K.L.:
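So that we are looking at the same thing, I have put the structure below in structure tokens.
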Number of protein chains: 2
Amino acid sequence: MLVAEQKEGSGVRAADTVLAALEAVAWAREPIGVTQIAQAIGATKSAVFRHLQTLMERGYLTQDADSNRFRLGPKAFLIGHLAPPAWDVARILERPMRDLRDATGLATVLSTPSPRGALVVATFPGTHAIEIGVRPGSELALHASAQGKIFLAFGPPSLTDQVLAVSRQAFTDRTITNAAALREELSRVRMRGYAVAPEEALLGINALATPLRDHRDAVVGAVALVGSIQHLAPQPAPGLIDAVSRLAEEGSRLLGHGVTDRSPPGKRQNRPQDGTAS
Amino acid sequence: MLVAEQKEGSGVRAADTVLAALEAVAWAREPIGVTQIAQAIGATKSAVFRHLQTLMERGYLTQDADSNRFRLGPKAFLIGHLAPPAWDVARILERPMRDLRDATGLATVLSTPSPRGALVVATFPGTHAIEIGVRPGSELALHASAQGKIFLAFGPPSLTDQVLAVSRQAFTDRTITNAAALREELSRVRMRGYAVAPEEALLGINALATPLRDHRDAVVGAVALVGSIQHLAPQPAPGLIDAVSRLAEEGSRLLGHGVTDRSPPGKRQNRPQDGTAS
DNA sequence: GAACAACGTTCGTGTAGCGCGAACAATAAT
DNA sequence: ATTATTGTTCGCGCTACACGAACGTTGTTC
């Protein structure tokens with residue numbers, strides 16, 4: 001074992017497992033049993049069982065009296081509704097996102113940055129016969145999704161370094177795994193102001209994403225269109241780019257971007273970085 | 001094995017700690033630091049620190065870039081909004097609860113049963129000069145709160161046994177700690193249909209609660225008025241009782257109570273169990 | 001109705017991973 | 001500068017966790 005290979009090194013194992021179990025229940029749209037949870041998160045039944053007890057004791061889960069299956073409980077609900085309204089972009093953007101979906105027929109996705117990837121917060125599936133969508137809760141790889149590249153391109157450079165430090169998984173043969181190539185792609189994204197990821201996460205699928213900025217100009221999310229490469233070419237139609245950009249701008253405006261922007265320049269969190277010294 | 005004596009024995013310590021840390025952040029209405037969290041949940045700084053890393057890795061928390069303080073993250077938001085809409089009673093009852101508060105001037109509280117107590121889901125503080133309220137997230141003792149007694153009186157008998165198995169804490173000298181007296185009080189609650197808890201949790205404060213029932217006739221929550229014993233006597237004014245009862249009935253109706261109530265009697269969740277062999 | 005399968009739950013064991021306390025670093029306050 | 005308080009890291013010892021297998025129960029199949 002030469003390489004440190006820090007995958008999960010800093011965290012607490014039992015704590016990570018309990019959160020994984022919680023998520024397994026959350027992502028399932030119907031009550032789910034111990035065995036399914038165990039194999040979903042790759043742990044043994046007995047371990048999961050004890051963790052589920054912990055979650056029940058604290059009210060995050062409830063166990064159906066006669067089926068012995070688990071569903072989310074009141075504490076989970078409460079925690080989510082105590083979360084800062086900043087994440088309520090989902091609600092704010094619900095209408096315009098649906099409109100964009102209806103106008104383009106493509107799946108519309110709202111993501112937010114998370115250490116493991118671009119967390120899908122809200123989605124509106126496409127309207128074509130072959131429906132393409134993304135499940136809320138999914139975490140899209142930062143290097144292989146349009147949203148992820150947005151976060152890498154406009155987010156803190158430490159995030160990029162983190163991603164470049166470990167080897168990137170190749171989901172398809174179009175996935176950009178080379179570090180230099182990825183850096184180049186990111187500077188291209190910065191120039192264009194939008195990101196695409198043709199067949200980088202899944203063959204036949206492309207995505208087009210633009211950044212959401214808050215009142216402090218920090219990128220806090222991304223809106224994206226996802227669809228077949230038939231409807232969403234590697235070089236998307238200008239109309240689509242405009243539409244997504246407008247949606248992102250509207251969302252940013254609703255987040256306070258551009259208003260009361262009186263923070264003295266240079267006082268932002270834009271630590272000098274390297275200015276893309278590449 | 002007569003008594004199970006399960007205080008915290010069955011859970012996983014690290015898992016419990018990480019959830020406690022998550023809650024500490026959630027209940028704080030502003031970003032909070034490691035030290036405060038540690039002493040809030042009674043753990044050492046270093047342990048809490050590692051747990052916070054786990055929570056960040058999974059996106060439940062975000063760390064403010066320059067203050068190093070923690071706030072709830074997107075995953076917490078998402079989990080809460082994936083919770084079954086049953087807990088959305090809070091939203092459904094928002095209007096009527098506010099109306100009741102305005103009509104009575106007393107704090108209106110919505111609670112739901114949880115193993116540790118009556119979990120406060122939503123509150124509207126009273127309107128008197130001396131404001132009395134309950135913080136969302138608080139877990140009121142089952143034996144010393146009006147809401148808790150509702151859950152004991154109308155919930156599964158196993159819950160009552162559980163509470164009676166351990167010694168009850170006396171918050172004031174009015175708190176009912178004696179097992180027989182509590183059983184008696186519960187049957188009184190069942191007869192009346194409402195519960196009060198004059199000065200049982202806090203001197204000078206009383207509460208008046210009625211049960212919320214879902215479509216299967218199970219008690220899934222309680223609405224309560226909380227206020228000074230000046231405004232809320234140990235034997236509350238009939239008008240107040242009526243008002244709370246009406247609110248609870250309206251809430252129950254919104255939860256589907258009374259419609260398609262065709263479940264055969266005796267088929268409910270009253271499994272014989274061992275009948276309290278102790 | 002017996003045999004089977006699958007599930008939730010319990011139990012014992014070895015070890016690694018956790019909690020602890022103290023040291024270190026970085027900031028803020030005096 | 002000095003002090004105090006914070007966030008972060010380190011090393012150690014022991015606990016309390018993950019594992020695997022067994023148990024009890026439910027539901028399914030022929």
Side-chain angles (χ1 to χ4, degrees), chain A residues 1 4-22 24-25 28 30-57 61-71 115 158 162 267 269 271, chain B residues 1-22 24-25 28 30-57 61-71 115 158 267 269 271-274:
Chain A
M1 305 308 176
E5 201 65 28
Q6 46 69 264
K7 311 170 105 65
E8 308 286 346
S10 42
V12 177
R13 190 141 114 88
D16 193 72
T17 307
V18 77
L19 296 176
L22 177 62
V25 176
E30 52 192 22
I32 184 177
V34 175
T35 308
Q36 313 175 54
I37 298 173
Q39 64 188 31
I41 68 177
T44 61
K45 264 198 306 180
S46 54
V48 169
F49 177 73
R50 278 179 305 110
H51 282 293
L52 292 177
Q53 284 193 345
T54 309
L55 286 166
M56 282 185 57
E57 280 171 14
L61 300 182
T62 62
Q63 187 172 24
D64 196 59
D66 27 48
S67 76
N68 279 355
R69 285 196 162 86
F70 296 86
R71 68 175 80 236
S158 58
Q162 206 173 314
K267 190 60 205 335
Q269 85 285 16
R271 34 205 74 251
Chain B
M1 299 305 171
L2 307 184
V3 282
E5 200 61 28
Q6 43 67 269
K7 307 170 106 64
E8 306 287 344
S10 43
V12 178
R13 191 144 117 90
D16 194 72
T17 306
V18 78
L19 296 176
L22 177 61
V25 176
E30 50 193 22
I32 184 177
V34 176
T35 308
Q36 314 174 55
I37 298 173
Q39 65 188 30
I41 67 177
T44 62
K45 265 196 308 182
S46 53
V48 169
F49 178 74
R50 289 204 327 276
H51 282 292
L52 291 176
Q53 284 193 345
T54 309
L55 285 166
M56 283 186 56
E57 281 172 13
L61 299 181
T62 62
Q63 187 172 23
D64 197 59
D66 28 48
S67 77
N68 279 355
R69 285 194 161 87
F70 297 86
R71 68 176 79 238
S158 59
K267 191 58 210 336
Q269 84 285 18
R271 42 194 64 253
Q273 345 217 53
D274 57 340

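Small disclaimer: the values here were computed from a predicted structure and weren't measured.
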K.L.:
What is the distance from CD of B/Q36 to P of D/dT8, rounded to the nearest Å?
P.N.:
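Those two atoms, CD and P, are 13 Å apart.
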K.L.:
Could you tell me which residues satisfy salt bridge (charged side-chain N to carboxylate O under 4.0 Å, His left out) with B/R71, sequence neighbours excluded, listed by chain and number?
P.N.:
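Scan of B/R71 (salt bridge (charged side-chain N to carboxylate O under 4.0 Å, His left out), adjacent residues dropped) gives B/D64.
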K.L.:
Among residues at least two apart in sequence or on other chains, which ones pass side-chain contact (heavy atoms from CB on, under 4.5 Å) with B/A15?
P.N.:
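B/A15 satisfies side-chain contact (heavy atoms from CB on, under 4.5 Å) with A/V18, A/H51, A/T54, B/V12 once adjacent residues are dropped.
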K.L.:
Whole Å only: how far is the CZ atom of A/F49 from the C1' atom of C/dC11?
P.N.:
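It works out to 12 Å between those atoms.
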K.L.:
Can you tell me how far CZ of A/R50 sits from CZ of B/R13, rounded to the nearest 0.5 angstrom?
P.N.:
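Nearest 0.5 Å value for the CZ-CZ distance: 14.0 Å.
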K.L.:
Mind checking the CG-CG spacing from A/L55 to B/D16? Nearest 0.5 Å is all I need.
P.N.:
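Between atom CG of A/L55 and atom CG of B/D16 there are 9.5 Å.
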K.L.:
Given the rule that a pair is Watson-Crick or G-U wobble with both distances under 3.5 Å, how would you write DNA chain D in dot-bracket, using | for pairs to a different strand?
P.N.:
||||||||||||||||||||||||||||||
K.L.:
Starting at CG of B/D64 and ending at C1' of D/dG7, how long is that distance when rounded to a whole Å?
P.N.:
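Taking CG of B/D64 and C1' of D/dG7, I get 14 Å after rounding.
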K.L.:
Between atom CD1 of A/I37 and atom CG of A/L61, what is the distance when rounded to the nearest 0.5 Å?
P.N.:
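Answer for the CD1-CG pair, A/I37 versus A/L61, is 7.0 Å.
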K.L.:
To the nearest angstrom, how far is A/D66 atom CG from D/dT26 atom P?
P.N.:
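Rounding to the nearest Å, CG of A/D66 and P of D/dT26 are 12 Å apart.
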K.L.:
To the nearest Å, give me how far apart CD (A/Q53) and P (C/dT9) are.
P.N.:
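My rounded result for the distance is 8 Å.
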K.L.:
Taking all heavy atoms of A/F70 and all of A/V25, pick out the closest pair and write down the distance.
P.N.:
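Minimum heavy-atom contact is O-CG1, 3.7 Å.
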K.L.:
Rounded off to whole Å, could you give me the CD-to-C1' distance for the A/Q39 and C/dA6 pair?
P.N.:
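Atom CD in A/Q39 sits about 12 Å away from atom C1' in C/dA6.
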K.L.:
Taking atom CG of B/L52 and atom CD1 of B/I32, what is their separation to the nearest 0.5 Å?
P.N.:
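Going from the CG atom of B/L52 to the CD1 atom of B/I32 covers 9.5 Å.
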K.L.:
Look at the side-chain N and O atoms of A/Q63 and state whether any lies under 4.0 Å from the OP1 or OP2 oxygen of C/dC7.
P.N.:
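No, no such contact exists.
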K.L.:
Once you round it to whole Å, what is the distance between P of C/dG8 and CG of A/L52?
P.N.:
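Going from A/L52 (CG) to C/dG8 (P), I get 10 Å.
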K.L.:
Can you name the residues that form a side-chain contact (heavy atoms from CB on, under 4.5 Å) with B/A38, not counting sequence neighbours?
P.N.:
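If we apply the side-chain contact (heavy atoms from CB on, under 4.5 Å) test to B/A38, skipping adjacent residues, the hits are B/K45, B/V48.
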K.L.:
Can you list everything that forms a side-chain contact (heavy atoms from CB on, under 4.5 Å) with B/T44? Sequence neighbours excluded, please.
P.N.:
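Only B/S46, B/A47 meet the side-chain contact (heavy atoms from CB on, under 4.5 Å) criterion with B/T44.
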K.L.:
In whole angstrom, give the distance that lies between atom CG of A/N68 and atom P of D/dG24.
P.N.:
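Those two atoms, CG and P, are 17 Å apart.
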K.L.:
Quick one: what's the B/S/- string for nucleotides 12-30 of chain C, heavy-atom cutoff under 4.0 Å, read 5' to 3'?
P.N.:
------SBBB---------
